[in-house]
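Following: one structure in structure tokens, then a few remarks.
Given the structure is predicted, the values throughout are model-derived calculations rather than measurements.
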Amino acid sequence: MIRKILIFAIVFPSFLPLLAEKPKYQYFGKAYDLNTGKYIYSDNHKEYYNNGKHTHSEIQYKDANGKVFGSKYIEFDQNSEVPTFKTVDDRDGYTEGADVKGKSVRLYFKRKKEDPFSEKTYTPKSPAVMDGGFDYFVRNNWEPLSRGERMSFHFIAPVQLDDYKFAVLKIKDGEWKGRQALYLRLEIDNFLLKQVVKPFLLVYDVQTRRILQFEGLSNINDENGKSLKVKIVYDYPKDVLEP
């Protein structure tokens, strides 16, 4: 057993701490079809911290019957806005992710289990945002966003092996289920592409700066391999929303 653990540590050194760690926070989001309102899946988050800093998260995706069909591992400790991550859909083998080393990012993806990986290593323009790093971009720019400033950045899409200019701006200040909330719109910052790519709508809690609701294209595909259009409503335990 010791020999197996040592081999595991040598081959996968960054994963070794997971053997002894326990998550600080756990919560989930329920995704509903944006057109029909039908419940489709949930994303179930475990957040891990070290000395008060969010280092990484594990996410399980479960279908409407509670069966796990995919997972994500995401690291925030090196770059919170451009995190290393890997997402796998066990149903068809769809995989995408990124390895971040300094300013360099290796993107990779495959659409099906039997496909070879496509990949690209490059240095994205700044400011750059990728995957779950968008939440940290919002938190890190909370004050200008709250004032109504339009913030632009390069959104990295591993499945496209490229990045695209996006912008986020405030729609309004309001309430969400009795909590003070900031309503945002995320849109592609290109006149031509804006005609075909609909904006994402997001609601953030003012007190904790946690996302409460998301509307738009999901990173989860349907049975035909196409992105789902969803509304995700997040459910947090009391210790998260009232720290």
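- Between the T95 side chain and the G93 main chain, a donor and an acceptor come within less than 3.5 Å of each other.
- Qualifying side-chain hydrogen bond (donor to acceptor under 3.5 Å, both in side chains) partners for K170, counting only residues two or more places apart in sequence or in other chains: D173.
- Taking the ring centroids of H56 and Y73, they lie under the 6.0 Å cut-off.
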Could you give me the CA-CA distance, side-chain angles and deciding distance for D205 and Q180, then say whether side-chain hydrogen bond (donor to acceptor under 3.5 Å, both in side chains) is met? CA-CA 6 Å; D205 180 55; Q180 280 190 291; over 6 Å; no

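- Atom NZ of K46 has 12 or fewer heavy atoms from other residues, nucleotides or ligands within 6.0 Å.
- Using cut-offs of 30° and 60° on the angle between ring planes, the pair Y41 and Y61 is perpendicular.
- For F117 and F109, the distance between ring centers is not under 6.0 angstrom.
- Annotation: cation-pi pair R209/Y204 absent, no NZ/CZ under 6.0 Å from the ring centroid and within 45° of its normal.
- Ion pair R106/E119 flagged as a salt bridge, since at least one NZ, NE, NH1 or NH2 atom sits closer than 4.0 Å to an Asp/Glu carboxylate oxygen.
- Judged by distance alone, with hydrogens and angles left aside, the side-chain atoms of D222 form a donor-acceptor pair with the main-chain N or O of K226 at under 3.5 Å.
- When ring centroids are compared, Y25 and Y49 come within the 6.0 Å threshold.
- Aromatic rings from Y234 and F28 are positioned such that their centres are separated by 6.0 Å or more.
- Figure legend: K30 and Y39 shown as a cation-pi pair, the cationic atom lying under 6.0 angstrom from the six-membered ring centre and within 45 degrees of its axis.
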